[in-house]
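One is the number of the first residue; the rest follow in order along the sequence. Side chains are part of it too, since the values below use all heavy atoms of this structure and drop only hydrogens, waters and symmetry mates.
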Amino acid sequence: SELKQFLPNLKASPKAVGEALTMTGLLMDALEEVSIGGKKDWLIGLEVRQNRPDCLGVLGIAREVAASFNLPFSLPKYNLGTHTRVPQVKIKAVGDVRRVCVLQVDGMRNSVKSPDWLAQTIELHGVNSVSLLVDISNYAMIMTGYPNHIFDAGKVVGGLVWERSAKAQTLATLDGTTLELRKGKELLVSDNLGPLVFASAVGVRRSAISERTVSVLAEVAVYDGAKMKSDARGLGVATEASVRLEKDLSAEDVAWALGFLGQVLVKHAGGVVSSTMFDYYPAVSRKSGAKILVDADLAARYGGVSISLSETERLLKRYGFAVSRKSNGGLQVVAPSWRPDVTKVADVAEEVLRLYGFQNIKPMPPALRPVADVTPKNVTLSRLLETGLSVAGLDEVLSLPLTTTEWNSKTALQDFVEIRTQNAINEEVPVLRQSLAGGLLNQQHEFIRRGVTHVELFEIGKVFGFLVLYFF
């Protein structure tokens with residue numbers, strides 16, 4: 001039912017949806033019949049990879065399903081009305097904030113108990129029901145994939161400020177945890193009286209929603225992921241919101257996500273939108289995808305399957321890629337905003353193949369081609385000698401290249417300077433051999449000691465030393 005909010009024309013069975021998602025890289029690990037608000041539904045469990053934060057919400061999954069079943073997809077439009085009042089917001093930590101959107105909604109009624117459908121929905125997603133407004137906040141995160149925060153507007157003094165901690169201080173969170181903030185380090189949302197929330201949506205008691213809350217400031221924001229990860233690790237904080245904000249969430253859909261939250265507050269909490277949307281979206285955050293050039297044999301090279309250039313273009317456009325033809329017969333491809341992980345030709349090939357359907361790629365033996373023999377000549381000679389001597393009845397010896405100066409002086413056949421090892425594994429043999437004779441003689445003595453009188457041995461190996469040249 002959640003998917004059908006975005007895809008009303010979806011007719012496939014829950015099992016078929018899960019199998020299609022599995023074949024496109026989101027492995028189905030659970031399929032369970034459930035009841036929500038007294039109506040039969042299905043819960044599909046998916047394994048989402050680290051590079052796909054867009055699929056941490058129903059919105060992203062709906063895009064995948066739409067592409068798999070070739071269904072039309074567009075973001076729903078939300079009418080928030082026309083207003084002259086703009087929420088009072090200041091962004092001080094400009095280097096940490098990629099986008100912030102804020103909206104005020106008044107006339108709320110915050111009951112302690114949420115309707116059954118809402119409480120059951122978020123609980124099926126692993127989130128405990130708290131109260132109507134808190135549950136709506138969590139529901140919006142589940143549906144859009146974006147964390148959000150709702151402040152009691154009556155408790156905010158002087159507007160919202162995104163800033164790094166102004167001083168070393170303690171922050172008491174809603175769950176009773178005390179966080180030790182460092183001056184100039186952690187990113188906070190504050191007002192004139194001090195911190196209201198740790199940026200990864202860990203709130204403080206002073207701004208908490210209560211049964212008496214009637215007006216809220218709702219915000220959705222995305223930040224520099226590395227900064228979020230550093231803050232969370234430094235404070236030992238791990239929440240559902242912080243895990244999402246540490247990833248490379250697209251800034252493009254932030255305003256839409258807040259619009260979704262606003263509409264749910266209006267519909268299910270009796271609210272009225274009372275402000276225009278504040279939207280901080282600097283040019284540096286408006287990233288366009290990389291322009292990637294691909295040719296006609298893209299699928300053949302990476303997947304061993306023939307997919308025409310026209311079909312490649314159709315598949316990519318179906319998923320939201322911007323595609324244009326080039327004069328050389330290839331394509332220029334730009335990934336959609338929610339797929340910043342697509343940066344090179346191999347990434348585009350993977351998208352084409354999974355949209356084409358891995359199940360449609362027929363298994364076939366690889367076409368093997370003989371390659372040039374690059375074996376060094378000395379290795380070939382060594383193998384020939386080893387085979388010939390073994391066939392002649394000699395036993396091969398494999399000895400360590402380490403020996404003593406005494407053995408080198410007795411067996412060296414050439415006037416090489418001895419090489420001494422550093423950090424020798426055995427102080428009794430600290431130098432490299434200058435001849436193979438030492439190892440052969442040692443093995444001969446061992447055989448004789450054991451009563452073996454007929455001894456024929458050989459060894460193929462390296463000897464070591466360097467030659468000193470004198471010039472006059």
### Query
Does a side-chain heavy-atom distance below 4.5 Å link Val266 with Val272?
no
### Query
Between atom CG of Asp96 and atom CG of Leu187, what is the distance when rounded to the nearest 0.5 Å?
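That separation rounds to 5.0 Å.
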## Note on the structure
d(His268 NE2, Leu132 CG) to nearest 0.5 Å is 9.0 Å
Between the side chains of [Y] and [X], is the shortest nitrogen-to-carboxylate-oxygen separation below 4.0 Å, so that they form an ion pair?
X: Arg212; Y: Asp152; result: no
X: Arg286; Y: Glu252; result: no
X: Arg383; Y: Glu386; result: no
X: Lys344; Y: Asp341; result: no

Hey, is the main chain of [Y] close enough, under 3.5 Å, to the side chain of [X] for a donor-acceptor pair?
X: Gln88; Y: Gly158; result: yes
X: Thr276; Y: His83; result: no
X: Ser230; Y: Ala226; result: no

### Query
Can you name the closest pair of heavy atoms from Leu7 and Ala66 and give their distance?
CD2-CB, 3.7 Å
## Note on the structure
In terms of heavy-atom contacts, Ser129 and Ala119 come closest through OG-CB, 3.8 Å
### Query
Has Arg98 got its NZ or CZ under 6.0 Å from the middle of the six-membered ring of Tyr223, at an angle within 45 degrees of the ring axis?
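No; the conditions do not both hold, so Arg98 does not lie above the ring face of Tyr223.
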### Message
Against the six-membered ring of Tyr146, is Arg244 placed for a cation-pi contact (under 6.0 Å from the centre, within 45° of the normal)?
### Response
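No; the conditions do not both hold, so Arg244 does not lie above the ring face of Tyr146.
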Between the side chains of [X] and [Y], is a donor N or O closer than 3.5 angstrom to an acceptor N or O?
X: Ser165; Y: Glu186; result: no
X: Glu240; Y: His125; result: no
X: Glu211; Y: Ser131; result: no
X: Asn110; Y: Thr213; result: no
X: Arg325; Y: Ser310; result: yes

#### Entry: Other residues, nucleotides, ligands: >12 heavy atoms within 6.0 Å of Lys155 NZ
yes
### Task
Among Asp248, Asp347, Asp54, find the one that has a side-chain contact (heavy atoms from CB on, under 4.5 Å) with Arg339.
Asp54
